[in-house]
K.L.:
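Got a structure for you, written out below as structure tokens; questions coming shortly.
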Amino acid sequence: LTTASAATLRSAPTANDANVERDLQTTLYYPKFTGDWATGYCSTHNYGSGQSYTSELACCKGSFAGQTSGFCFSKLASPPTSSPTGSD
């Protein structure tokens with residue numbers, strides 16, 4: 001390989017580059033553990049919890065599933081309901 005060919009190979013995009021670019025555009029959600037677990041919620045701000053999720057719903061399910069207050073789920077733009085929607 002010539003020096004020019006080697007430089008071209010190093011700068012040519014790869015499938016991994018596309019995956020990294022896509023991943024960088026993904027919004028991540030992090031659990032916010034407050035002093036009281038009943039008021040914990042998920043946010044796009046990384047509070048240093050170490051765990052991240054690709055959706056706010058996944059974050060609430062993964063970090064606050066047993067939260068009897070339902071606080072995390074109540075902060076969702078479209079919180080889940082316990083009643084069916086009745087769509088036919």
Side-chain angles (χ1 to χ4, degrees):
L1 287 176
T2 66
T3 303
S5 297
T8 301
L9 287 175
R10 279 195 302 273
S11 64
T14 66
N16 266 352
D17 292 338
N19 290 337
V20 168
E21 185 175 331
R22 183 196 70 235
D23 289 345
L24 290 175
Q25 295 172 2
T26 300
T27 300
L28 295 176
Y29 292 85
Y30 305 89
K32 168 68 172 160
F33 298 102
T34 61
D36 181 9
W37 188 73
T39 58
Y41 61 94
C42 295
S43 163
T44 56
H45 181 76
N46 187 349
Y47 296 96
S49 67
Q51 182 66 42
S52 64
Y53 300 88
T54 55
S55 74
E56 192 173 9
L57 178 60
C59 180
C60 285
K61 284 181 171 182
S63 294
F64 301 104
Q67 191 181 55
T68 56
S69 66
F71 188 76
C72 187
F73 292 108
S74 74
K75 294 185 69 69
L76 296 172
S78 298
T81 65
S82 58
S83 304
T85 60
S87 61
D88 293 324

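Residue numbers run from 1 in the order of the sequence given.
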K.L.:
Rounded to the nearest 0.5 Å, what's the gap from NE2 on His45 to CG on Leu28? Could you check?
P.N.:
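Rounded to the nearest 0.5 Å, the NE2-CG separation comes out at 13.5 Å.
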
K.L.:
Listed by chain and number, what are the side-chain contact (heavy atoms from CB on, under 4.5 Å) partners of Ser74, not counting sequence neighbours?
P.N.:
Phe71

K.L.:
Transitive ILVMFWY cluster of Phe64 at side-chain heavy atoms under 4.5 Å: who else is in it?
P.N.:
Phe33, Trp37

K.L.:
State whether Tyr47 and Lys32 meet the cation-pi test: NZ (Lys) or CZ (Arg) under 6.0 Å from the six-membered ring centroid, and within 45° of the perpendicular axis.
P.N.:
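Yes; both conditions hold, so Lys32 lies above the ring face of Tyr47.
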
K.L.:
What donor-acceptor contacts under 3.5 angstrom involve side-chain atoms of residues 51-60, with partners at least two apart or in another chain?
P.N.:
| from | atom 1 | to | atom 2 | distance (Å) |
| --- | --- | --- | --- | --- |
| Tyr53 | OH | Ser63 | OG | 3.2 |
| Ser55 | OG | Ala58 | N | 3.0 |

K.L.:
Is a side-chain donor-acceptor pair under 3.5 Å present for Thr44 with Thr27?
P.N.:
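Note: Thr27 and Thr44 side chains miss the donor-acceptor criterion.
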
K.L.:
Residues in side-chain hydrogen bond (donor to acceptor under 3.5 Å, both in side chains) with Ser43, at least two apart?
P.N.:
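Partners of Ser43 under the side-chain hydrogen bond (donor to acceptor under 3.5 Å, both in side chains) test: none.
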
